[in-house]
Asks: 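Mind having a look at this structure? Questions to follow.
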Amino acid sequence: MTHTHAHSHIPPRAAVNRLAISLAITLTFVIVEVIAGGVSNSLALLTDAAHNFTDVLALALTWWALVVALRPAHAGKTYGYHRAGILVALVNSTTLALIAVGIFYEAYQRFLHPPEVDAGLLIWVGVAAVIVNLVTALLVHQGSDHDLNLRSAFLHLMGDVLSTVGAVIAGVIIYFTGANWVDPMVSVLIGFLILWNAWGIIREAVQILMEATPADINVQDLVADLQSLPGVTGVHDLHVWSLNQSLRSLSAHVVVGQMPPDQGAGVRGAINTLLVEKYHIHHATLQLECPGCSGGQTFCNYC
């Protein structure tokens, strides 16, 4: 048996601090935007404020998940707390989808009875929102490529950047044309953008929670690569899954020829090197077996 382990993607304290700053900035601006949206009677601003409030919740949950993920593994949580971020990403994205439904309903009501909108206030607050959302998005961007939890927060914020740009465009159109129906139309576009972002996160989070094979790993190619290594004659009872977006695990029974223990260690080392360098799997548990000791299917079927 052999087991390799790496913790190269544990979120640094710097990410926790950046999230705390983003949370404070976003919460302050939500208060400003709600007041401005009420005064200007703009659904686009109120919609963006609602979206920004979900960002406050998302950032708070993301911050909490990063803090929890820093806790060491123990007897009760032998894998640690890495899945906390996936649960938070699922909650964040589900909340986004529910907010989008509410936006569609309110926009429909305003299409039927378009209210007067203070275009000037809508434009100025919208420009401020673009700046605030862009700054906070850049604060949480670092590390989001390898962390679904951070990516869900980043997409929340980048969605805000695009939606506030839409609010500014709506304000300019209303200012020059008086077409108040543009305000709910922009809200509908924002709603579809929210749904699109939410669906991508939900799909990936569910895949990880179902312990599906990472999307970029072709299991047939993986088995072929393993069997191409010197000394390896077969692979069965293979499992590949993820703890979060970046921490991957593998377990497998590897059939090798008759060899002394020191040669078996060399085979294990070659396998671990392949898994890390080509498939980014740092957490592998391997059981070496001699021919005829046991047999099984490539994938284990539990009844």
Side-chain angles (χ1 to χ4, degrees), residues 9-37 45-71 81-100 102-103 125-126 128-167 190-191 193-205 208-209 244-246:
H9 296 291
I10 291 179
R13 293 285 181 181
V16 176
N17 295 334
R18 289 196 304 271
L19 274 169
I21 295 172
S22 298
L23 177 60
I25 294 173
T26 305
L27 180 59
T28 300
F29 191 73
V30 164
I31 297 172
V32 173
E33 204 167 24
V34 167
I35 295 173
L45 275 181
L46 292 174
T47 294
D48 195 57
H51 190 192
N52 279 330
F53 182 69
T54 66
D55 288 341
V56 171
L57 298 177
L59 288 170
L61 288 172
T62 300
W63 175 85
W64 171 82
L66 287 180
V67 171
V68 169
L70 291 171
R71 297 178 182 176
Y81 292 84
H82 301 291
R83 282 279 172 88
I86 302 303
L87 293 174
V88 166
L90 185 60
V91 170
N92 285 345
S93 53
T94 302
T95 302
L96 276 175
L98 294 176
I99 289 293
I103 290 172
V125 176
V130 171
I131 296 172
V132 169
N133 291 325
L134 186 58
V135 169
T136 54
L138 292 177
L139 282 173
V140 302
H141 178 259
Q142 184 176 349
S144 62
D145 292 340
H146 304 291
D147 191 303
L148 190 62
N149 181 27
L150 281 175
R151 185 151 66 89
S152 69
F154 174 68
L155 288 178
H156 263 275
L157 296 169
M158 283 306 299
D160 283 347
V161 172
L162 296 178
S163 64
T164 47
V165 168
I190 293 172
L193 175 65
I194 293 172
L195 276 180
W196 176 261
N197 289 334
W199 168 244
I201 298 295
I202 289 174
R203 180 177 57 189
E204 191 165 356
I208 291 175
L209 292 175
N244 58 29
Q245 194 181 21
S246 59

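Side chains included, hydrogens not; waters and symmetry mates left out as well; all remaining heavy atoms used.
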Asks: Do you know which two heavy atoms are closest between Leu195 and Ala100, and how far apart they sit?
Replies: CG-CB, 3.6 Å
Asks: To the nearest 0.5 Å, what is the distance between CG on Leu61 and CG on Leu87?
Replies: 10.5 Å
Asks: Under the side chain to side chain contact (heavy atoms under 4.5 Å, CB included) rule, collect the residues that match up with Thr94, sequence neighbours excluded.
Replies: Leu90, Ile202
Asks: According to side chain to side chain contact (heavy atoms under 4.5 Å, CB included), who are the partners of Ile21, at least two apart in sequence or on a separate chain?
Replies: Ile25, Leu139
Asks: In a check of side-chain contact (heavy atoms from CB on, under 4.5 Å) between Ile86 and each of Ile208, Val91, Ile201, which one passes?
Replies: Ile208
Asks: Identify, with sequence neighbours excluded, every residue that meets side chain to side chain contact (heavy atoms under 4.5 Å, CB included) alongside Ala137.
Replies: Phe154, Leu157, Met158
Asks: Any idea which heavy atoms bring Ser93 and Ala198 closest together, and the distance?
Replies: O-CB, 3.3 Å
Asks: Mind checking the OG1-CG spacing from Thr136 to Leu19? Nearest 0.5 Å is all I need.
Replies: 10.5 Å
Asks: Could you list the residues that satisfy side chain to side chain contact (heavy atoms under 4.5 Å, CB included) with Trp64, not counting sequence neighbours?
Replies: Val68, Ala84, Val88
